[in-house]
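Structure first, then comments.
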Amino acid sequence: MAQISLTFPDGNARAFDAGVTPAEVAASISKSLSKKAISASVDGRHHDLQWPIEGDAQIAIHTMDDDAAAYELIRHDLAHIMARAVQEIWPDVKVTIGPVINNGWYYDFDRVEPFTPEDLGRIEKKMKEIIAKKDTVRTEVWERPKAVSYYEERGEPYKVELIEAIPGDEPLRMYWHGDWQDLCRGPHLQHTGQVPQDAFKLMSVAGAYWRGDSSRPMLQRIYGVAFKTKKELDAHLTMLEEAAKRDHRRLGREMDLFHMQEEAPGQVFWHPNGWNIYVTLQDYMRRRQRENGYVEVNTPQVVDRKLWEASGHWEKYQDHMFIVEVDEDHAREKSMNALKPMNCPGHVQVYNQGLKSYRDLPLRMAEFGSCNRYEPSGALHGIMRVRGFTQDDAHIFCTEAQIEDETRRFIEMLAAIYADLGFTSWRIKFSDRPDQRIGSDESWDRVEAALRSACEAAGYSFELNPGEGAFYGPKLEFVLTDAIGRDWQCGTLQVDPNLPERLDATYIGQDGAKHRPYMLHRAVLGSFERFIGILIEDSAGRLPLWLAPRQVVVATIVSEADAYAHEVVAALRKAGLRAEVDTRNEKINYKVREHSLGKVPAILALGAREVEERSVSLRRLGDKHQKSLSLQECVEVLAAEATPPDLR
RNA sequence: GCCGGUAUAGCUCAGCUGGUAGAGCACCUGAUUUGUAAUCAGGGGGUCGGGGGUUCGAAUCCCUCUGCCGGCACCA
């Protein structure tokens with residue numbers, strides 16, 4: 001029999017018979033490893049203990065102590081155990097796929113009746129029974145025709161379709177636990193009892209299209225989470241509760257920031273507190289843009305369809321546009337208009353007024369552009385995904401030679417802004433040419449190279465998002481990670497030679513001839529609505545003082561302090577702070593509690609002592625204790641902290 | 001848009017199998033002058049999301065529309 005050489009993580013190599021399984025390898029090392037082994041890595045691929053190894057390879061045996069392997073196997077096995085449980089309870093349910101995802105898995109089923117929350121409990125119970133049986137997991141490699149006819153006989157059309165989609169040279173693996181069987185890529189544990197019985201939970205059921213295609217049947221997807229121990233599961237569930245507490249919709253109400261209502265779905269009614277955040281952020285962005293050489297413009301909301309036809313939006317994006325038909329009785333001529341879904345065509349109109357020279361480029365044209373897009377109803381989500389929003393939009397008109405430098409400058413500005421707003425963890429995704437595109441390969445080569453070297457020059461690496469660019473040009477996306485580890489795509493930069501062409505933007509070059517500028521579409525925050533939602537959730541409502549809508553509340557302990565309280569508020573306001581007085585006839589405990597829940601960053605308590613000393617007792621949000629300081633000192637400290645970071 | 005769920009007082013929620021609505025907090029009034037996360041007492045407040053139907057009778061059952069929630073699809 002042929003010999004192969006397996007190299008272990010410590011660098012030692014040993015000879016084995018070809019076709020040896022990782023289980024046998026583990027057994028040859030030690031009895032205890034043999035018992036503890038759950039899977040292996042063979043040349044970096046996650047490998048079942050039962051699969052034979054045919055050639056020389058690097059091998060590592062995994063135990064439950066190897067988190068990545070353990071979670072993968074536990075969650076994957078649970079997906080199958082759940083599918084088995086479902087089919088044991090409802091034999092006519094058809095199975096499809098069940099992959100591992102973050103923290104757990106899901107499995108999609110085809111069943112006429114909807115799964116109810118009570119059903120989830122039933123399934124969970126059945127799963128525990130299956131785990132208790134400790135059924136051995138068996139695997140076989142089947143020939144394609146056998147597998148197809150097997151599934152056809154059993155009335156499992158989805159599995160047949162899956163088999164047909166698997167490349168011809170890949171082995172078809174069949175898995176069994178007990179009598180139940182599924183097609184699966186593997187690897188798996190050795191028996192169902194290896195899955196921790198109390199460290200998983202079925203979370204929800206939701207619709208999902210077969211193969212992610214909205215023209216295909218809607219299946220029912222059951223989501224589960226799973227860990228190695230109950231303790232980890234409980235920690236995860238607690239984390240979800242904590243995340244729910246920072247939901248911007250909840251905090252938006254608790255902090256009285258905004259509301260939304262049925263008559264204006266997907267649009268925000270900003271309350272004074274929320275509007276304070278909005279305006280403060282906008283003022284900040286305006287200063288940053290001026291500092292970086294942008295000019296600010298403003299363009300119309302309701303624009304005749306002719307312009308949208310010229311820009312290409314009418315043809316491609318009409319479904320997402322609010323169409324406004326002007327009534328004949330009220331208008332001189334009947335016309336079809338649309339609310340602007342984007343600012344770029346308007347900016348080209350501004351650009352096109354008067355001749356532009358190469359000396360005018362780069363021209364950085366910014367607008368806090370109020371846009372309306374008819375988003376599908378199911379896409380709406382609080383103030384994060386809306387139909388009416390304002391972008392921190394700008395278009396940089398430039399020559400091809402200027403793309404690199406402008407991109408670098410943009411990245412640097414964006415980095416400074418994210419840092420000011422408390423986001424230090426973010427990354428760049430680079431989307432290059434898609435299959436469907438316009439323009440020559442040579443020009444794509446040049447423009448993509450410009451974006452790459454701009455990232456390098458700014459000192460940032462990027463991850464490639466192959467083929468995800470716009471049809472007209474490549475793009476950079478800036479993804480930030482919030483305090484609880486969620487990713488948000490906010491900033492973007494897209495290179496566009498197409499729109500200047502369609503809307504006939506030109507400049508006179510050094511040679512006296514007309515040339516076509518490029519446009520860089522770019523945004524830092526994306527939209528104010530969404531970004532404020534992110535800020536609220538990232539900070540759990542505890543915004544930094546400069547952004548906090550209510551900065552200071554001056555609360556009296558006794559009514560004798562009322563006059564002094566008004567004096568303190570006046571002093572704070574004179575220093576530019578947003579300060580309120582609370583002289584209600586309530587105990588200080590009550591006031592502290594209420595303003596703390598309202599996320600007011602600074603509470604000043606005033607009693608007889610403070611009046612006497614002309615001092616204040618300062619309690620910062622989140623602190624257990626307070627500090628006594630003079631009125632003047634307090635005003636100075638708070639005013640300094642409330643200064644926006646770019647003005648410090 | 002699709003699948004499922006859901007809609008009761010400002011908020012959070014109760015209201016079993018149909019018999020014309022209830023709690024806590026909030027709000028208002030009064031008392032209390034209070035030292036850092038809820039002082040006490042009293043009071044007002046809802047055509048039960050809209051429309052239609054079944055029924056002697058509908059918050060409750062059915063249909064339909066709308067919003068919201070969780071996903072999926074979408075996100076130029």
Side-chain angles (χ1 to χ4, degrees), chain A residues 106 108-117 119 203-223 244 247 249-250 253-254 256 259-266 308 311-313 315-321 341-342 344-345 371 373-382 384-387 389 469-472 475 477 489 492 494 496 498-499 521 526-527 530 555-562 583-598 600 603-610 617-628:
Chain A
Y106 67 77
D108 288 348
F109 300 97
D110 187 8
R111 178 182 181 226
V112 180
E113 293 288 306
F115 290 112
T116 64
D119 289 340
M203 301 298 285
S204 61
V205 53
Y209 295 112
W210 169 234
R211 312 211 106 193
D213 182 342
S214 59
S215 68
R216 311 215 51 190
M218 176 68 69
L219 306 171
Q220 294 190 65
R221 174 172 298 178
I222 301 179
Y223 285 92
D247 188 303
R249 292 165 297 192
R250 175 172 170 165
R253 187 177 54 243
E254 288 174 359
D256 196 13
H259 85 272
M260 303 178 87
Q261 65 187 47
E262 202 171 322
E263 290 80 357
W308 304 117
S311 69
H313 289 88
E315 186 203 350
K316 288 195 103 159
Y317 308 116
Q318 204 186 132
D319 287 350
H320 296 272
M321 290 162 73
M342 303 177 84
C344 27
C371 295
R373 297 179 187 175
Y374 188 80
E375 299 286 359
S377 57
L380 303 178
H381 178 87
M384 301 285 217
R385 187 82 184 271
V386 286
R387 289 183 174 155
F389 56 95
F471 69 92
Y472 46 74
K475 62 182 176 189
E477 285 171 345
Q489 195 234 296
T492 181
Q494 297 181 24
D496 185 3
N498 179 56
L499 200 63
H521 307 255
S527 92
R530 205 168 92 100
T556 51
I557 297 168
V558 291
S559 51
E560 281 71 37
D562 288 4
T583 54
R584 288 176 305 172
N585 179 9
E586 294 290 351
K587 296 178 85 164
I588 193 66
N589 289 300
Y590 181 92
K591 296 182 184 181
V592 166
R593 177 168 196 273
E594 186 172 285
H595 300 307
S596 297
L597 289 173
V600 177
I603 299 170
L604 300 184
L606 306 182
R609 188 163 58 229
E610 285 73 20
S617 168
L618 169 63
R619 182 185 169 117
R620 298 301 304 261
L621 182 60
D623 283 358
K624 288 265 188 294
H625 301 288
Q626 55 279 353
K627 212 159 81 175
S628 180

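We use all heavy atoms of the structure for the numbers below, so side chains are in, but hydrogens, waters and symmetry mates are not. Residue numbers begin at 1 in each chain, while the letters A, B, ... track the order of the sequences.
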Problem set entry | Nearest-angstrom distance from the residue atom CZ of A/Arg593 to P of B/rG35 | 18 Å
For this session: Check whether the side chain of A/Glu610 and the base of B/rG35 form a donor-acceptor pair under 3.5 Å.
Result: yes
Seminar exercise, completed: Taken to the nearest whole Å, CD/A/Gln220 to C1'/B/rG4 is 8 Å
Exercise. Are the side chain of A/Arg619 and the backbone of A/Ile603 linked by a donor-acceptor contact shorter than 3.5 Å?
Worked result: no
Problem set entry | Nearest-Å distance once atom C1' is located in both B/rC27 and B/rG46 | 15 Å
Exercise. A/Arg250 side chain N/O closer than 4.0 Å to the phosphate oxygens (OP1, OP2) of B/rC11?
Worked result: no
Problem set entry | Nearest to side-chain heavy atoms of A/Arg609, which nucleotide of B/rG35, B/rU12, B/rU33 | B/rG35
Exercise. Is A/Ile603 touching bases, backbone alone, or none of the nucleic acid, heavy atoms closer than 4.0 Å?
Worked result: nothing
For this session: Would you kindly say whether A/His259 and A/Gln261 are connected by a side-chain donor-acceptor distance under 3.5 Å?
Result: yes
For this session: For A/Met260 and B/rC68, give me the distance from atom CE to atom P, rounded to whole Å.
Result: 7 Å
Problem set entry | Contact state string [nucleotides 69-76 of chain B, B base, S sugar-phosphate only, - no protein heavy atom under 4.0 Å] | SBBBBBBB
Problem set entry | N/O donor-acceptor pair under 3.5 Å between A/Gln220 side chain and A/Glu113 backbone | yes
For this session: Considering only atom C1', compute the distance from B/rG35 to B/rA21 and round it to an integer number of Å.
Result: 43 Å
Problem set entry | Lys/Arg-Asp/Glu bridge criterion (N-O < 4.0 Å) met for A/Glu594, A/Arg584 | yes
For this session: Sticking with atom C1', work out how far B/rA73 lies from B/rC2, rounded to a whole angstrom.
Result: 8 Å
For this session: Quickly work out the A/Phe115 CZ to B/rG4 C1' distance and round it to whole Å.
Result: 12 Å
Problem set entry | Base-paired stems that RNA chain B participates in, counting runs of 3 or more Watson-Crick or G-U pairs under 3.5 Å | B:1-7 with B:66-72, B:10-13 with B:22-25, B:27-31 with B:39-43, B:49-53 with B:61-65
For this session: Check whether any side-chain nitrogen or oxygen of A/Asn589 sits under 4.0 Å from OP1 or OP2 of B/rA37, and answer yes or no.
Result: yes
For this session: Determine the interatomic distance between C1' on B/rA14 and the same-named atom on B/rU60; round to the nearest Å.
Result: 14 Å
For this session: Applying salt bridge (Lys or Arg N to Asp or Glu O under 4.0 Å), run through A/Arg249 and A/Asp247 and close with a yes or a no.
Result: CA-CA 5 Å; A/Arg249 292 165 297 192; A/Asp247 188 303; 2.5 Å; yes
Exercise. Within the structure shown, what part of the strands sits under 4.0 Å from A/Gln261 by heavy-atom distance: base, sugar-phosphate, or nothing?
Worked result: nothing
Exercise. Rounded to whole angstroms, how far apart are NE2 on A/His259 and P on B/rC68?
Worked result: 12 Å
Exercise. Can you check the A/Phe109 CZ to B/rG4 P distance for me, whole Å?
Worked result: 17 Å
Exercise. Which one, B/rU12, B/rG67, B/rU39, comes nearest to the side chain of A/Pro265?
Worked result: B/rG67
Exercise. Are any of the side-chain nitrogens in A/Asp119 or A/Arg111 under 4.0 Å away from the carboxylate oxygens of its partner?
Worked result: yes
Exercise. Judged by atom type as modelled, is there a donor-acceptor pair below 3.5 Å linking the side chain of A/Lys627 to the main-chain atoms of A/Ser617?
Worked result: no
For this session: Figure out the NZ/P separation between A/Lys591 and B/rU39, and round it to whole Å.
Result: 12 Å
For this session: Please check the phosphate of B/rA26 (OP1 and OP2 only) for any side-chain N or O of A/Tyr590 closer than 4.0 Å.
Result: yes
For this session: Can you tell me, in whole Å, how much space there is between the C1' of B/rG44 and that of B/rG10?
Result: 14 Å
Exercise. Does A/Arg619 place a side-chain N or O at less than 4.0 Å from the phosphate oxygens OP1/OP2 of B/rA37?
Worked result: yes
Problem set entry | Integer angstrom distance from the C1' of B/rC68 to that of B/rG42 | 37 Å
Exercise. Could you give the CD-to-P distance, from A/Glu560 to B/rG35, as a whole number of Å?
Worked result: 13 Å
Problem set entry | Quiz item: cation-pi between A/Arg216 and A/Tyr209, 6.0 Å / 45° | no
